[in-house]
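Below is one structure, written out as structure tokens, with a few remarks after it.
Protein chains get the first letters and strands the later ones, always in sequence-line order, with residue 1 at the start of each. Note that the structure is a prediction, hence the values are computed from the model and not measured.
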Amino acid sequence: MSATEAGAAAAPTPKYTKKDFESDQDVRWCPGCGDYAILSAIQKSMPDLGIPKEDIVFVSGIGCSSRFPYYMNTYGFHTIHGRAPAIATGLKVARPDLKVFVVTGDGDGLSIGGNHMLHVLRRNVNVTILLFNNRIYGLTKGQYSPTSELGKVTKSTPLGSADRPVNPLAFALGCGATFVGRTVDRDVKHMEEMIKRASAHHGTAFLEILQNCNIYNHLTWNVVYDKESKAAHELRLEHGKPLLFGPVDDRHALVMEGAQPKVVRAKDVPESALWVHDETKVNAAKLLADLWTPDYPIPTGVLTAIEAPVYEDIVLEQEQRAISERGPGDIAKLLTSGDTWKID
Amino acid sequence: MSATEAGAAAAPTPKYTKKDFESDQDVRWCPGCGDYAILSAIQKSMPDLGIPKEDIVFVSGIGCSSRFPYYMNTYGFHTIHGRAPAIATGLKVARPDLKVFVVTGDGDGLSIGGNHMLHVLRRNVNVTILLFNNRIYGLTKGQYSPTSELGKVTKSTPLGSADRPVNPLAFALGCGATFVGRTVDRDVKHMEEMIKRASAHHGTAFLEILQNCNIYNHLTWNVVYDKESKAAHELRLEHGKPLLFGPVDDRHALVMEGAQPKVVRAKDVPESALWVHDETKVNAAKLLADLWTPDYPIPTGVLTAIEAPVYEDIVLEQEQRAISERGPGDIAKLLTSGDTWKID
Amino acid sequence: MSESAPPVAGGLKTRRDIERAVVRFAGDSGDGMQITGEQFTIESAVAGSDLATLPNFPAEIRAPVGTLFGVSSFQLQFGSQRVYTPGDRLDMLVAMNPAALKVHLSDLKPGGLLLVNTEAFEPGNLKKAGYPSDPLDEPALAERYRLHKVDMTGLTMRALADLPLSAKDKERCKNFFALGLVSWIYTRPLEPTLESIQKKFAKSQVIADANTRALKAGHAFGETAEIFTESYAIEPAEMAPGLYRAMTGNRALAWGLLAAAQRSNVPLVYGAYPITPASSILEELAMHKRFRIRTIQAEDEIAAVTAAIGASFGGAIGVTGSSGPGIALKGEGIGLAVTAELPLVIFDIQRGGPSTGLPTKTEQADLMQAMYGRNSESPVVVIAPATPGDCFYIAYEAVRIAAKYMVPVMVLSDGFLANGSEPWLIPDAATLPPIELHFRTEKEGFFPYLRDPATLARPWVRPGTPGLEHRIGGLEKQDVTGNISYEPENHDHMVRTRAEKVRRVAQEIPPTTINGPVAGEVLVVGWGSTYGSITAAVERAQADGKSVASIHLRHLNPLPPDLGHILREYRRVLVPEINSGQLVRVLRAEYLVDAVGFNRVRGLPLASDDIHDAISQLLGDH
Amino acid sequence: MSESAPPVAGGLKTRRDIERAVVRFAGDSGDGMQITGEQFTIESAVAGSDLATLPNFPAEIRAPVGTLFGVSSFQLQFGSQRVYTPGDRLDMLVAMNPAALKVHLSDLKPGGLLLVNTEAFEPGNLKKAGYPSDPLDEPALAERYRLHKVDMTGLTMRALADLPLSAKDKERCKNFFALGLVSWIYTRPLEPTLESIQKKFAKSQVIADANTRALKAGHAFGETAEIFTESYAIEPAEMAPGLYRAMTGNRALAWGLLAAAQRSNVPLVYGAYPITPASSILEELAMHKRFRIRTIQAEDEIAAVTAAIGASFGGAIGVTGSSGPGIALKGEGIGLAVTAELPLVIFDIQRGGPSTGLPTKTEQADLMQAMYGRNSESPVVVIAPATPGDCFYIAYEAVRIAAKYMVPVMVLSDGFLANGSEPWLIPDAATLPPIELHFRTEKEGFFPYLRDPATLARPWVRPGTPGLEHRIGGLEKQDVTGNISYEPENHDHMVRTRAEKVRRVAQEIPPTTINGPVAGEVLVVGWGSTYGSITAAVERAQADGKSVASIHLRHLNPLPPDLGHILREYRRVLVPEINSGQLVRVLRAEYLVDAVGFNRVRGLPLASDDIHDAISQLLGDH
Ligand SMILES: Cc1ncc(C[n+]2csc(CCOP(=O)(O)OP(=O)(O)O)c2C)c(N)n1
Ligand SMILES: Cc1ncc(C[n+]2csc(CCOP(=O)(O)OP(=O)(O)O)c2C)c(N)n1
Ligand code: SF4
Ligand code: SF4
Ligand SMILES: [Mg+2]
Ligand SMILES: [Mg+2]
């Protein structure tokens, strides 16, 4: 490690407020965009991370969401469409000491950037990925995205889209994600909690944030905005707590029937038969990820959080082992090693 | 539909033999490569598909596996690395009447081509994808692939790879695949059966074929080659049959314990408690896809096969509806429609 | 107006004849400037003017109200003579808020008409625009320009007072007030706008009524208010007789494909991934399924181009479109089409770069990428439209050439052509040249790389054709048989054959039209969207009696066969481009002529005044 | 051998002095021809010869035994004079089977030595090679060449008869028999091979013994068998004194990076996706983790280049490498580095194209892609090594320039340099120029796009530096502040600034070395791997008294400042390239000189004889 790398870790972290994380740039989202609430939640969460702000980097691709780094008074890199996970991987391999966030959208992260998303997740690079899912391409003015509903009428699909949507959580889990969570732009407290949880994860954290694009896809997530509907359908996951949801006077429970999840009246099952949420079980997370209304509740919170080998940890370990076993590289020695001959 | 499109469907299918599907090109795989067995199985399966051979197209990317189309006496397109699913999508949209196979490898399909794999699966384009998984890059002479084990020592990872592998079946399911299966290059009969099953699926069929690269990754699948080990670990999935595996004298069963699969002695559970395989349950398939030795058996066969809207069906439906409602497009009419003015 | 009139003090309302005028509407993104400009365009067209337009809007979807970067504008030039460009400097600026004034005032000619919406000049907006005090109070403004301060918001509100609409909805109609007023000033007919208001707001009669009233109120205000002392009349331009419509470049590209699909009678598959300023081609095509146009919104640009190639392999017309960054991603795929020798059309709607650059601004800097943006020797045909309406013919031509020569054809449009519009003489579809597709079905003597002696095209075979089963791919192939071949002489032969095939497309190029003397002092050579700016500049120089001519290349690869000869007939060659000098290098390398570039990369069309100056300089430098 | 000797009938064994020889070992992919050739190379180097090599192998991993497309070969030229190329035509061909004979015989000079392994000429192999009957029986063969039919397999088996090895294992040693025999013929020392056998088979003494015996048996066979009437001696070449090693281009590139990492004292991140012929750079680097080289085998080439950019943003040296098709995919990413003004090194190991093309063959056709393979005006520095050993210096130089100018540097190597080797004088690492990295830490006056007046480089800031938090991206930026800017004049200024920054790299280029007279009839201009072929051809012409000189460009963008002047000092300029004429177009456009190309795209190095002919033709054509 260079002097700077070591030095950064040693410095005491100053006490910050939200203001410290606000950059001097004009925020250029549409008035009313859900991104404002997310920005505010992230700025508010930052002081609690206990990380010097010069050690924080926000990397993004292209999209309304990907404008994000400009508004954070940290290091930031607004890159090209879909490649932020790859850029973050290179950055982390070069600088494992930095705290790196990736901000992406449903188009950036799951359309053009789907492959990098797969590979950053399976590598388990230590970055926090925040995917703002508004089920639309905002920046290019309203074409359908990979998370748009089948049959979605948009500018590019006047008769309705012909492709089945991808479920970001199910996809992330299929890629071997070690942390998968979901939160909602209108639920400020939960967002902050999830941002901190995701940020604290060692490995790739994948957090889907349901976000409102009030211009091109207004209220697409109304089922979790509308107070009544939210009360009826949101299943708030909490480690060690049973899977219960619905209004207090009509509580429902999620239970397993063989290999199938099933919704029942809470009062109809004994407490012992309840499904208790366990974040360490990826299997269970996969079942949860697929749930949605009308047949099932909508899970929010941390679906899974497991420990697994982290890519750059191994890379660095190999390097350090090589150095400690055989000393740092010496080009002069290498050049003269092996088969050589002299000419006088 | 043009005359040819309609015509092709009407012609009676000739009776073929394997020979009819052998092209005149020298096969250029290494002696002993598992690809030979797969080629033979596919050529043998073709006559049973009941499809005129001029209506069959094999599309591939780049890799040893992707040389495949040259050896089939059908139409074929050996394209560029990773893009075969996208090319096949365009082909099917242009020509829904053709039977299209995509042949790909673990590198072609899951490394550079991972994004197209995701999107072809979620779109559910009606193509049959055969992924030859040898857990190595064969054609480029032996670097590790996305399916290689963590810590794999290869030319490009002399101290062992640092990335966790992706599980092709789990990935495909995470992408919303409607047909997911697995077979083994050394199990000729099962291969043929699976090829026919996959080929008959309406929508994207994803079939992983465990394949031996005897040059760079010999016997990587030995656990399902070695007779004894195969008997002990292979879980042959059959719709409607209970999940039983292991030698006759020591039969084991897979059951659910809450949301977790568990292995038990077959004789220790009543028949009613057995987990009966149901191909129509994607949930269950996700649980099965994650299983592997030593803690669990290795599933082969069809994990799931469900019906879902097919991309090009919808595209064509929209077109036909538009034509039948308003007649075929007429450029002369379009040019003069809307705001126009005359100058004399 | 080409001659600017001195400010006139009160009196009778007079109508002056002018030859041309350049008007820009500018306001906040939410102020409806684009629709205002488009309507004014239609009015002018119906009045018989020739015209050219330049929409200009921010990259942000809805930038915060009142900010400088949130300003949106629409400029047009219209006149009784041929109008080639939207104009360099403004005869009239309509500024709906302080930010619009700040951003655009410097383009207004001294003595030009300046119309401002006073209501918007309140402290909050002034601050956002960075004005320490109200600029309307500066005496210099009224001295330098013919300033008209009108409370357009207030007048609109009053006109709509009794309508059952919210204050916000009423306020939104102020752009139609402005349009009414400007229409009065330039004697434009209101009818086309009245009609289109009815169509557009068919679902809400009250909104339609509100906009109608605002429009008429603006018009009446011009007629009656004391402050406007004159209005202007413009004779109809002498234009070819026929039926016209306004046409933007992207719509024209899309419609050109529709025409090609209909004439060739096979499906056309358009694979694209949204990107500014190309997205509207995808959106337009998606509305015309009846033409058997099948659009695929792909997962990325690579999938878009390879899906198009898959379609071509299947016997459909494969087309893809994007802008610079997306075209960069397509390079490898295009190379496959080159070696597979399949027809493929690629639209590149160029925008400001490098990288993400200036997504909503125009540029011509992808010519080299079009020629060389792939590995190895990978030649493609490159053509470029000169005007928005020309995009229709170029798209059609691209399909025709691609299918005839079994070759990729790259079309270089740009942001200016894409969104800009012109009055377009509607062609008789029957007069378009035929697109002859030959799908081989004959087994006898078939080989996948047999060649047509005239075009060198290989046979196109639709899978499904019995007996012609064959395999192709990206590895080098033996000529004729198409079998994989690593044989050195064959490779050299194939490299030359692929190049020759593209070179043969030269036989499709008509003789070059020379605008001016066939020999002389200066030849100006242009391509793409600079056609208007160049022509205007050259015609001005010609009118001054200078020995100047211009030619405009629609074919960039191969170049026209007569080009070398033409270039040598002039003492100097000037090549204006919105890049750092790309075509100029091609011409120098090809013909060893000492051509010089005129290059401004500002995200905007070239100003014809600047080109005129460059011509004068070259003429002077003996 | 430059002078071919007439066939000699039996008699005493004589040793003749010759100046140079071109030998090719050819056999089945499984016959170990690459290792045989490499060992012969070491022996020759140790004997003091100068030399150049050309490995050539099929794209298939293990093609079926005995087939034509499964033939693998290794050619080298060695001599007592400077050896520039592996040679055009062969003095000796070793053919281990009929397929090898079929593929390679035409390259053997009349009267050349032809050594065949008779055992392999059995019906099965003959048929696979397409021989209707045994060609060794044709009297013409022995008439035209000095044919030596040796049962190398049988002799090897007999020599190893008593060793406890399977017949198959014994048979495998036959390549060492061949090596021993050829070593005898050319008086090469066996010691280096004996040593390397011990090292290589350290784990199995019996295999080591077997190969040792086979080698010695071959040597003894030459010494004693009646059929070889003479052997050849070659004086050691006059080479600069010092310690030498054999060096291939890809290893040299990798080691150049190691040197750069050590000297700059920051980690180097190499992002790559395997592709022939670039993969071995990744593989080599992965073995040297002690140098703080961190390799990422990325999911694709786009991830590889963007990971490298991420690393550079982090303050490491970001490097990526690929071949043509992969470079095509990196275009968009490279554009990001251009506008973000971050250091980035890109290795393009060119191979035959277009598309997948001829993956294992060499080509120089990516020059235009390197210059222009991205959207918009996106200039990068382009440099190219001339020989395998030069790759070391070029890689080092690339890092130095990238970091100094904050700019992407593209290095154009190719398949021939990558796998070819030369005796390489090991440099004193201490004499390499320093790589000075300046990471800004000073807050006062900081802006992300402040510029160094000499280089125009912006400051490089490592995230983690307190007080310098800033944001950059792919949108156009205001100069100095780095804030997003769509302002027209700023964009024009930034386009010019990015171009000027690259142009300033010209100050790093030393005066061009002219090989020959400083003025005269013909100047031959080359770049990249054609250095050897061109130099050999030019020196031959010079030896004939012709007025010919050559220069070799290591810097392709920007071009050397003295180039324009030099070009004008010759009547004609010839530009040989393994492409359809790329540098020649650059020179014509830049300097308006009527340079002509000499172009052969055969997947092989240019033959120096052919270049010599082209020179003669130009000289003749007055
Ligand atoms: C290579 C490339 N292709 C396409 C684009 C155009 N583009 C910019 S953002 C975007 C989609 C953004 O969607 P999403 O990620 O969902 O972000 P949102 O705007 O909805 O927040 C597209 C297609 C681009 N900038 N670069
Ligand atoms: C754009 C591009 N990048 C890289 C390559 C080199 N390449 C060819 S095949 C291959 C990997 C093949 O692996 P896999 O798909 O597993 O096929 P296998 O050879 O193992 O059957 C790679 C990296 C290429 N041809 N094109
Ligand atoms: S378009 Fe949608 S996502 Fe983008 S800024 Fe506007 S509201 Fe937000
Ligand atoms: S390298 Fe491996 S996968 Fe490729 S042909 Fe040889 S054995 Fe088969
Ligand atoms: Mg979105
Ligand atoms: Mg593989």
Side-chain angles (χ1 to χ4, degrees), chain B residues 2 4-5 8 11 23 25 52-60 62 69-70 72-80 83 85-95 97-98 115-116 118-119 315-316 318-319 321-323 326-332 334-336 338-344, chain C residues 42 45-46 48 192 196 239-246 255 258-259 262 265-267 269 271 288-292 294 296 298-300 302-303 306-311 313-316 318 332-333 336 340 426-427 429-430 462-475 483-484:
Chain B
S2 72
T4 328
E5 276 175 55
S23 84
Q25 300 293 302
K53 80 183 160 63
E54 64 269 18
D55 288 345
I56 298 176
V57 184
F58 278 81
V59 179
S60 67
I62 301 285
Y70 290 118
M72 295 295 301
N73 190 18
T74 60
Y75 284 92
F77 198 3
H78 175 226
T79 69
I80 46 176
R83 318 302 172 190
I87 289 180
T89 299
L91 178 57
K92 281 298 286 187
V93 167
R95 297 290 306 281
D97 56 312
L98 298 173
N115 201 33
H116 310 302
L118 154 60
H119 289 276
V315 171
L316 267 280
Q318 291 183 347
E319 176 175 304
R321 195 162 6 108
I323 293 174
R326 303 175 48 217
D330 178 343
I331 189 69
L334 180 66
L335 287 172
T336 53
D339 284 341
T340 61
W341 64 93
K342 225 187 165 93
I343 289 183
D344 319 275
Chain C
I42 303 276
V46 169
S196 105
M239 294 174 77
L243 195 63
Y244 281 75
R245 63 179 307 131
W255 288 17
L258 299 180
Q262 185 179 334
N265 202 23
V266 290
V269 175
H288 297 283
K289 301 203 180 286
R290 300 189 295 143
F291 285 80
R292 294 213 297 160
R294 298 170 192 164
I296 300 176
E299 56 271 27
D300 63 16
I302 302 175
T306 48
I309 293 171
F313 180 77
E332 195 206 4
L336 175 64
I426 298 170
R462 294 175 85 249
T465 310
L468 296 192
E469 294 82 0
H470 67 280
R471 278 78 35 201
I472 60 172
L475 289 164
N483 289 337
I484 297 176

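Heavy atoms closer than 4.5 Å to chain C are found in both the backbone and the side chain of T336(B). Both the backbone and the side chain of K53(B) come within less than 4.5 Å of a heavy atom of chain C. Both the backbone and the side chain of N73(B) come within less than 4.5 Å of a heavy atom of chain C. Both the backbone and the side chain of L335(B) come within contact range of chain C, judged by heavy atoms closer than 4.5 Å. The contact between V93(B) and chain C is made by backbone and side chain atoms together, counting heavy-atom distances below 4.5 Å.
Between the CD1 atom in I302(C) and the CD1 atom in I87(B) there is a gap of 11.5 Å [rounded to 0.5 Å]. Between atom CD1 of residue I323(B) and atom CZ of residue R292(C) there is a gap of 7.0 Å, rounded to the nearest 0.5 Å. One finds the CZ atom of R326(B) at 9.0 Å from the NE2 atom of H288(C) (value rounded to the nearest 0.5 Å). Considering OG1 of T465(C) and CD of E54(B), their distance stands at 8.0 Å, rounded to 0.5 Å.
Contact detail for P267(C) and A94(B): the closest heavy-atom pair is CG-O, 4.5 Å. Among all heavy-atom pairs drawn from S23(B) and R471(C), the shortest one is CB-NH2, 3.9 Å. Here the closest heavy-atom approach between residue F313(C) and residue V57(B) is recorded as CE2-CG1, 3.7 Å. Counting all heavy atoms, side chain and backbone alike, R294(C) lies closest to L316(B) at NH2-CD1, 3.9 Å. Of all heavy-atom pairs spanning G464(C) and D55(B), the tightest one is CA-OD1, 3.2 Å. The shortest non-hydrogen separation linking G48(C) to I343(B) is CA-CD1, 4.5 Å.
Chain B forms the most heavy-atom pairs under 4.5 Å with one residue out of I309(C), I42(C), V266(C), L475(C), and that residue is L475(C). Considering only heavy-atom pairs separated by less than 4.5 Å from chain B, the leading option among G315(C), A311(C), G467(C) is A311(C). In terms of heavy-atom pairs under 4.5 Å with chain B, the best-connected choice from E332(C), K289(C), M239(C), R245(C) is R245(C). When each of I296(C), L258(C), V269(C) is checked for heavy-atom pairs under 4.5 Å with chain B, I296(C) comes out on top.
Partners of N483(C) by side-chain contact (heavy atoms from CB on, under 4.5 Å), not counting sequence neighbours, listed by chain and number: Q25(B), Q478(C), T481(C). For E299(C), the salt bridge (Lys or Arg N to Asp or Glu O under 4.0 Å) partners at least two apart in sequence or on another chain are R123(B).
Counting only heavy atoms from C-beta outward, the side chains of L336(C) and F77(B) approach each other to under 4.5 Å. Under the 4.5 Å side-chain criterion, counting only non-hydrogen atoms from C-beta, I484(C) is in contact with Y70(B).
Checking side-chain atoms of W341(B) against main-chain N and O of A45(C) turns up a donor-acceptor pair under 3.5 Å.
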